[in-house]
Each structure stands twice: as structure tokens, then as C-alpha cells.
Amino acid sequence: MFSKILIANRGEIACRVAETARKLGIKTVAVYSEADTHAKHVAACDEAVLIGPAPAKESYLLGDKIIAVALATGAQAIHPGYGFLSENAGFAEACAKAGLVFIGPPASAIHAMGSKSAAKALMEKANVPLVPGYHGDNQDADFLQKEADRISYPVLLKASAGGGGKGMRIVEKSEDFKAALASCKREAINSFGDDKVLVERYLTRPRHIEIQVFADGHGECVYLFERDCSVQRRHQKVLEEAPAPGMSEERRRAMGDAAVAAAKAVGYVGAGTVEFIANQDGSFYFMEMNTRLQVEHPVTEMITGLDLVEWQLRVAFGEHLPLRQEQLQLNGHALEARIYAENPEKGFLPSIGTLRYLHTPPAVHFRVDSLGSHVQTPAAVRIDSGVREGDAISPFYDPMIAKLIVWGKDRDAALANMAAALAQYRIVGLATNIGFLQRLIAGKAFSTADLDTGLIERNHDALFPAPQPASTAALALATSLLLSQEAGRVDDVSDLWAQTSGWRMNGNLLRALQFADEAGDYRIELEYRGEQKWILHRDGVQHRLHFERQGDTELRVTLDDQVIAGNVVRDGDIFHAFHQGRHAVLTWDDPLAHAGHVESEGGRLTAPMPGKIVAVLVEKGHSVTKGAPLLIMEAMKMEHTIAAPADGVIDELLYAVGDQVTEGAQLLAFTPG
């Protein structure tokens, strides 16, 4: 086995690879950018080497520099993780030329599957079923539009060199084709350096089912069952599960055999995933092959008891596959939820900031190994993460905070375990998708396995409900923390005149507090009744209030006869109340903190995050209607359209195509009306 490897990646996958390497007694070398100097993956490895500034193209994408570091540190092999250089055939070739083992497939296999159009041609020869479409080299816009018209709408435009949902557009009618093509090509060239696209018929209500394959250098290839990745937003996966609900043994075998045929057609070695698009009637078509370990590989590990990274290392070292096809077994059901720093209510806009507070459910692991040994637990919970409390989510990399993976003896048990784990996940400092994930798994469509790639859009109203007024329980929790903190600031508790609790020599204090959230404003009044005992008035209703603080954030509040156990985290004047799996964000209107307050200006449109202007769609003096696209930003490897907030006139354009903008920068001047 290798004695030392370099991990050419960052975040949770670098930590994941380091964990298995440590188990096998393999030393690890981390590489890191200036933005990742104090990152978790740096601490997880035995050595770490700085390779450049924060932008990936100046650090994690510098293949020559990474190879030089591997040679200088005595590493024998390079594990690329996923993303970055993991599917770069040139990098794999350069590793071989330098005498390093690339822990992945041969460069020839990466090259064959790296072009979606070339891969389709190969799969056709291997008798793997394909979706009707055009996968050729002619990229003339008029020609591609004619092909789309021939295929019939809706069609899917897809970057040939793409992945991760980048460079994909659904086109519903012919007149929208060229605008969608231009946007698709623009995003493709920015993400992959290649704007070639293919056109396919867009199937309605399809499922996204992928097969995990593994091949060694001795001609053996197996499939490790399937994962259902149908629940997506912007063509990026949100929830993954294994096995796929409703999968018959006959269909599983047919898809597995097709995946193995696809891998053998390109001389594949190592871990790979063959992705299929499946109709509700059971028919399926090849989409693409990911020539790397997938983000969602943990669900396969949970149901097989296998350590897929260990398999990668053993196969790369030249060993045979640890198990044959007939030895592989399914056990239970696993779900993975991707915890992202993003705002689902604002189009899943990434959220940049610091993890000021992070509390996770306790991890209860299976033991997994190369031979599939399970040590079963009633509710296995696994958290793969590359960040810790106090770390920042920056604009330079993917905003994933963690992958939350759970196991149960069947799908219902796994769903219950996921709901319980999400309820214990508490994050303060930036927006997250946790509340959205809770609604998603509790919704009828997902809980009954009525799955397709349009599930989120089909259930939009249920998944994105209007903000609800804050509960009295949440207000009581926030109020109790405020009162306890104020009392804690008094140095001499014996001095009644210094007390901030509300004590009065004659009569009782009646104190007004003002909170607000997205749903509205809340005025409550507090009447002091003794040591940590109050009367809380809300909307004309009186509630007896008593509280005990049990830690920095833990509170036990009695509201009338109801006992409320919760956590409250204060970030300035914002109170984050966590109770029964819900997260209330309440802003306290501190009457002593209004000095220097400036009302926000009207007529401004600002950048939601740092990025680059890639298209300006209006000119100075143009009249626009509400919702009209004004300009397009590229940020976090995705395009974001800035739209008119109301009918109005463009007064001035402040940036041009190609300009870099900072978060909050005014992009244009706009007069409503």
C-alpha cells in the first residue's frame, strides 16, 4: 500500500480522504490556498503546503504546481477528490509522466467521458440506451435551433464538458432558443473553458438514477447498486438516497449491467458513476459518466458497509477488487441532505459569512471497511464536513457546509432519522437551507417517493410558504435570553439600585420590547413579578413567564403551564431562537441603538455577492417593467439575473461587461414609477 499520498482538494472531501488514509496508516499531504490557511482539511493532514491565492485558478487548479509539491514531499500518489482537477485528463497524464499514481481512472477514460457528445457516441456503440438528441460538433446557432425544432420541445441544452448543473438550460419553445443558447454557452465557457453544447429532448417528470461502478486494473468491474438523485434545484442535487424507491431487482440488474458495459467500453479503472435519466414507466437512458468519486457516495457506503475511498486506494495500488458482484449486498436505506449556505427563499442565492455558531446532531457511525462489514445501529448519523464553528464561507468556493447522511432499516425509518437530525442542526451567521430541507422531506411528494427532477417546482407553494408570524414561544425565548444577559451584566447583585431585572420600590415595572422578522413587527410588554418571573403581554393576552438559563445558549422557559426547552443565540441585536426543530430569527429594536441610523435609499439595485458582470441587457434611459432582466452576474460559478423591482426607468449604468463587483455594490441607478 502507499505510504504517503497528496490530496489535491479542499473541504469535506479532503477531510474524508484523509480519514480513510489515516485508518490505513497512509501519511497525507494537504494543499491549500491563502483563503484556506486555517481550514479543517489542513489540520486533518500530516503535512500542508500553500499553493497560491484564493481563486481556484491560481491555486487548486494549478496541476503543475500540485505535482511539484507531491514530488517534493515524497508522495507516491495524488487523490483528486471531486471537482477541480478530478476529471482533467491532462492532469492525470501529467501525474503518470511524473511517476505519480493518479487515484482515479486512466486519462483515456476521462477523455472519452469528458465530452458528453463523444461519450454518447461511445455508448451508442456499446448498446447503452440514449435520449434522442444532437451530440455533434456543429455549433452554429441556426443549425442547433433546427435540431431542437426537429427533436421537438421542450429541449435541454447541456454543456458538453459540463457537470454540477453548470451550463444547462431548459427551452420550452423555439423563439426562446437562441437567448438560452447564448446564456448556456457563456456559463459553459466561464465554468469549463469550453462552450460546446449538446441538445436533447427534455423528458417530463423524469427521475435521475445513477449507478455506482468500480473497476480494477485486472479486468473486473462491478456495480454497487443505485442512488436516486431526482430532487434537484438548478440541476444540482439536493437530496440523494439509496436504494432508489420502487426499484425492482430486474430493473436494478438491467441498469447495473448497462453501467458496467459503459465502464468497460472506455477501459475504466477505479470509482465512477454512470448517470441515467429514467421515465416513470421504468425505461432509462444514459446521460453521462462521472469519472470520479461522487459527492453522494456516502449513501452507497451506508447501504453496503463499504469504504469506497479504501477501494479507490487499493485499486490504484494495483490490487484486485475486494469483492465480486455476487458478494455485494444491500442493507437498509440511506439518505443524504446537502447542508448549504444559501437562501432558498431568494432563488437559492449563496450566502457568504462566518459560522458564528454551529451545533450538529451527534454522529453515530457504521463501521465500514473494504469487505462490507456492518455494525448496525438503530439510527446511524454521519456528518461529512470541511468547516468548523468560526470558519468562513467565502465567495471563492462551493458554499456547502456539510453533508448529513442517515441510515434506517427501511425508507420510513431513514426519513424519521433525517427529520430528527435536521431538527438538531443549528447554524447562526449566514442563511442556510435547513428549513427548506425539513419542509422537503416532510412533504407528501418526497415522503411518498413521488419523485422526479421537477419535484421542487411542482411543490413550490408548499416548499416556499409565506412567512408566518413568530410564535409566542419564540418571542418568550428571545426575551428570556435578553433579560438574563442584562441581569448578568450587574457586578453587585446585592445592590438593588443596580438591578436591571425590573425591581421597583413602589409598584411594578411595565417594559415594552419590539421585535421584528420577515413576517412583521411584534410589540410585547413585560410586567415584573419577582426573581426571573414576569407577565408577558402579547396582543392583549397575558402569559406567566419564568425562565432558567442552563448554559450559554440553553434556556428552560415556563410559559403559563407550557415548558419550553430551547436554544437562543444572540448575534448583535438579532436573536436566533431554536425550538422543536424550528429556527426563528428575531431582530430586537434596541431603543438605545438608533444613533446614526440611515434609511435605505430607493432606486438602488445592488450586487447580492461578489462577482463579475457578464451581460448588460438595458441602456441608460430605458423604461422597464417589473421583473424585467437588467443585467447578469456570474458568482459562485453560477449566473444570477438582476431584475427590475418595479416599473421604472434606468437612470445610469455603473458597471460594464467584464467588471468585477463587490457585495453590496450599487449596479445601476433606477427610478421607479
Using 4.0 Å as the upper bound for N to carboxylate O, is an ion pair formed by [Y] and [X]?
| X | Y | result |
| --- | --- | --- |
| Arg411 | Glu241 | yes |
| Arg227 | Glu240 | no |
| Glu187 | Arg169 | yes |
| Arg338 | Glu296 | yes |
| Arg252 | Glu249 | yes |

Strictly by modelled atom types, are [X] and [Y] linked by a side-chain donor-acceptor pair under 3.5 Å?
| X | Y | answer |
| --- | --- | --- |
| Thr453 | Arg207 | no |
| Ser283 | Asp281 | yes |
| Gln212 | His297 | no |
| Glu275 | Asn290 | yes |
| Gln145 | Ser174 | yes |

Lys237/Glu210 under salt bridge (charged side-chain N to carboxylate O under 4.0 Å, His left out): CA gap, chis, key distance, verdict: CA-CA 12 Å; Lys237 299 162 187 174; Glu210 60 189 31; 2.9 Å; yes
So [Y] and [X], do their side chains get closer than 4.5 Å, heavy atoms only?
| X | Y | result |
| --- | --- | --- |
| Val295 | Met400 | yes |
| Val266 | Leu122 | yes |
| Arg292 | Ile13 | no |
| Trp407 | Asn417 | no |
| Val238 | Phe436 | yes |
| Gln325 | Leu328 | yes |
| Leu605 | Pro645 | yes |
| Asp137 | Lys196 | yes |

Does [X] have more than 12 heavy atoms from other residues, nucleotides or ligands lying within 6.0 Å of its [atom1]?
| X | atom1 | answer |
| --- | --- | --- |
| Arg582 | CZ | no |
| Gln139 | CD | yes |
| Glu175 | CD | yes |
| Glu518 | CD | no |
| His208 | NE2 | yes |
| Glu326 | CD | yes |

cation_pi([X], [Y]) dist<6.0 Å, angle<=45:
| X | Y | answer |
| --- | --- | --- |
| Arg458 | Phe446 | no |
| Arg233 | Tyr340 | yes |
| Arg10 | Tyr397 | yes |

Could you check whether any side-chain N or O of [X] sits under 3.5 Å from a backbone N or O of [Y], counting only pairs where one atom can act as donor and the other as acceptor?
| X | Y | value |
| --- | --- | --- |
| Arg201 | Tyr153 | no |
| Asp140 | Phe143 | yes |
| Ser191 | Ala188 | no |
| Asn433 | Ile339 | no |
| Gln312 | Gly270 | no |
| Lys120 | Phe286 | yes |
| Ser447 | Lys444 | yes |

Side chain to side chain contact (heavy atoms under 4.5 Å, CB included) between Met633 and Thr641, worked out: CA-CA 6 Å; Met633 283 182 59; Thr641 300; over 6 Å; no
Results of ring-ring contact (aromatic ring centres under 6.0 Å, His included) for Tyr268 - residues two or more places apart only: none
Separation between CD1 of Ile277 and CD1 of Ile209, rounded to the nearest 0.5 Å: 10.5 Å
Glu288, Glu226, Met255, Met287 screened by side-chain contact (heavy atoms from CB on, under 4.5 Å) with Phe276, the one that passes: Met255
Pairs where residues 149-161 contributes a residue and the test salt bridge (Lys or Arg N to Asp or Glu O under 4.0 Å) is met, not counting sequence neighbours: Glu147-Arg150, Lys158-Glu200
Step-by-step side-chain hydrogen bond (donor to acceptor under 3.5 Å, both in side chains) determination, Gln232 to Arg234: CA-CA 7 Å; Gln232 304 175 8; Arg234 290 180 172 176; over 6 Å; no
